[in-house]
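Each residue takes its place number in the sequence, starting with 1. Numbering of ligands and ligand atoms starts at 1, following listing order. Every heavy atom of this structure was used, including side-chain atoms; hydrogens, water molecules and symmetry mates were not.
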Amino acid sequence: AGLHSSAVAKGKLYFGTATDNGELSDTAYVAQLGNTDDFGQLTPGNAMKWDATEPSQNTFSFNNGDVIANLAAKNGQKLRCHTLVWHSQLPNWVSSGSWTNATLIAAMKNHITNVVTHYKGKCYAWDVANEVLNEDGTYRDSVFYKVIGEAFLPIAFATAAAADPSAKLYYNDYNIESPGAKASGAQRIVKLVKQYGAKIDGVGLQAHFIVGSTPSQSSQSTNLAAFTALGVDVAYTELDIRMNLPSTSAQLAQQSADYQSTIAACMGNTRCIGMTIWDWTDKYSWVPSTFSGQGDACPWDSNLVKKPAYAGILAALGGT
Ligand code: G3I
């Protein structure tokens, strides 16, 4: 059995992958993406972000997002919808607007209501807020935090819940995969949203890791337990494990071990409901264009051939 089938056999909801509109003209890629033995869930890499969905105020564009949503539906794959409130890929009219507390709250609510309503019933989960924390666990200095204060978070979650009551609502961030100040900050956000009486269902751990410095399984397990003790689900949402190029067989073996320990941590927590890799092939990974000299972060190589990492993931999923 493949990755998704093996995950489901062990009680998980899905094993899935990010994808992006520009990749969908690659027929070999699309064929493997649609193999539900491996992938039971898709996340659009860019198509549902604010700059894509509301490029100018109150003018909405869902074309690219619809392509991914329709593909997932056609394939019978769950959809994780990503993301509503993020400081990045934010159109200028939001990031540089002259806002008051009231006008920015209204604009944020209008964005969330329109986008979530458009995809109502199609999203297993929404990443309502993304990357709002600094590394020390304090709030990032985004337009939302500066103008509204931390109340933008519960307001965003409450607005999303009203628009699609059945979507699971997540806070999503990176560098919260092992205990520390930033993970504690994310736990503070879970409590904050709940204290306001708004709904939060889960925390997404992005897990953009580096070969050889991936957090240990025990550290990740302890960390997951600290989140689930707050009464929320957790999911690995953007897993990839990069290395310095050119790769060596030793690095590829270590990468497999690092994938295995991460997936095993999720498998060991009943409230870790699913795992998503941030695209499955090195051909379309975001890593090389962001980290010069690094790459090969995915379980399939750029020829769409499985790397040792695939077997590491499958072993952790209990598959054969
Ligand atoms: O669509 C334009 C295209 O028209 C243009 O010709 C081309 C030239 O650069 O750029 C294209 O846009 C790029 C877009 O990806 C689509 O490919 C942007 O430049 C590029 O910045 C953008 O990168 C995305 C990145 O988020 C931006 O922050 C990556 O694809 C996407 O994988 C990445 O995803 C994020 C998650 O949302 C949040 N967590 C981290 C993760 C990795 O950075």
Inset, instruction - Determine, for Tyr174 and Lys182, whether the Lys NZ or Arg CZ falls below 6.0 Å from the six-membered ring centre while staying within 45 degrees of the axis. - result: yes
Inset, instruction - Answer with side chain, backbone, both or neither: which part of Asn130 has a heavy atom less than 4.0 angstrom from an atom of ligand 1? - result: side chain
Legend entry - Salt-bridge contact Asp240-Arg242 (side-chain N to carboxylate O under 4.0 Å): no
Legend entry - Distance flag for atom 41 (C) of ligand 1, protein heavy atom under 4.0 Å: yes
Legend entry - Common cluster, Tyr145/Leu192, ILVMFWY with side-chain heavy-atom separation under 4.5 Å: yes
Inset, instruction - Identify the protein heavy atom lying closest to atom 36 (C) of ligand 1, giving its residue, its atom name and the separation to 0.1 Å. - result: His82 NE2, 3.4 Å
Legend entry - Part of Tyr174 within contact of ligand 1 (heavy atoms, under 4.0 Å): neither
Inset, instruction - Run the numbers for me: atoms of ligand 1, each under 4.0 Å from some heavy atom of Glu131, listed by number. - result: 38 (C), 39 (N), 40 (C)
Legend entry - Nitrogen or oxygen of Trp286 less than 3.5 angstrom from that of ligand 1: no
Legend entry - atom 11 (C) of ligand 1: any protein heavy atom closer than 4.0 Å: no
Inset, instruction - Before giving the answer on side chain to side chain contact (heavy atoms under 4.5 Å, CB included), spell out for Asn114 and Lys109 the whole-Å C-alpha distance, their side-chain angles and the decisive distance to 0.1 Å. - result: CA-CA 8 Å; Asn114 275 278; Lys109 283 182 163 178; over 6 Å; no
Legend entry - atom 26 (O) of ligand 1: any protein heavy atom closer than 4.0 Å: yes
Inset, instruction - Tell me which protein heavy atom sits closest to atom 34 (O) of ligand 1, plus the residue, atom name and distance to 0.1 Å. - result: Trp278 NE1, 3.3 Å
Legend entry - atom 3 (C) of ligand 1 protein-contacted (non-hydrogen atom, under 4.0 angstrom): no
Legend entry - Asp233/Arg271 ion pair, N-O < 4.0 Å: yes
Inset, instruction - May I ask you to decide if the ring planes of Phe62 and Phe60 are parallel, tilted or perpendicular, using 30° and 60° as cut-offs? - result: parallel
Legend entry - Under 4.0 Å to a heavy atom of Gln89 - the qualifying atoms of ligand 1, by number: 25 (C), 26 (O), 27 (C), 28 (O)
Legend entry - Lys122/Asp164 salt bridge by N-O under 4.0 Å criterion: no
Legend entry - Nearest protein heavy atom under 4.0 Å from atom 16 (C) of ligand 1, yes or no: yes
Inset, instruction - Could you tell me whether atom 21 (O) of ligand 1 has a protein heavy atom closer than 4.0 Å? - result: no
Inset, instruction - Would you kindly check if the NZ (Lys) or CZ (Arg) of Arg80 is within the cone defined by 45 degrees around the ring axis of Tyr170 and under 6.0 Å from the six-membered ring centre? - result: yes
Legend entry - Residues Lys306 and Asp301 bridged, charged N to O under 4.0 Å: no
Inset, instruction - Kindly indicate whether atom 7 (C) of ligand 1 is approached by any protein heavy atom to under 4.0 angstrom. - result: no
Inset, instruction - Considering only non-hydrogen protein atoms, determine which one is nearest to atom 29 (C) of ligand 1 and report residue, atom name and distance to 0.1 Å. - result: Asn46 ND2, 3.7 Å
Inset, instruction - Before giving the answer on salt bridge (Lys or Arg N to Asp or Glu O under 4.0 Å), spell out for Asp296 and Lys307 the whole-Å C-alpha distance, their side-chain angles and the decisive distance to 0.1 Å. - result: CA-CA 10 Å; Asp296 286 4; Lys307 293 154 64 178; 5.1 Å; no
Legend entry - Parallel, tilted or perpendicular, as decided by the 30° and 60° cut-offs, for the rings of His208 and Trp286: perpendicular
Legend entry - Backbone or side-chain N or O of Trp86 under 3.5 Å from ligand 1 N or O: no
Inset, instruction - Compare Met48, Lys49, Glu238 and give the one whose heavy atom is closest to atom 33 (C) of ligand 1. - result: Lys49
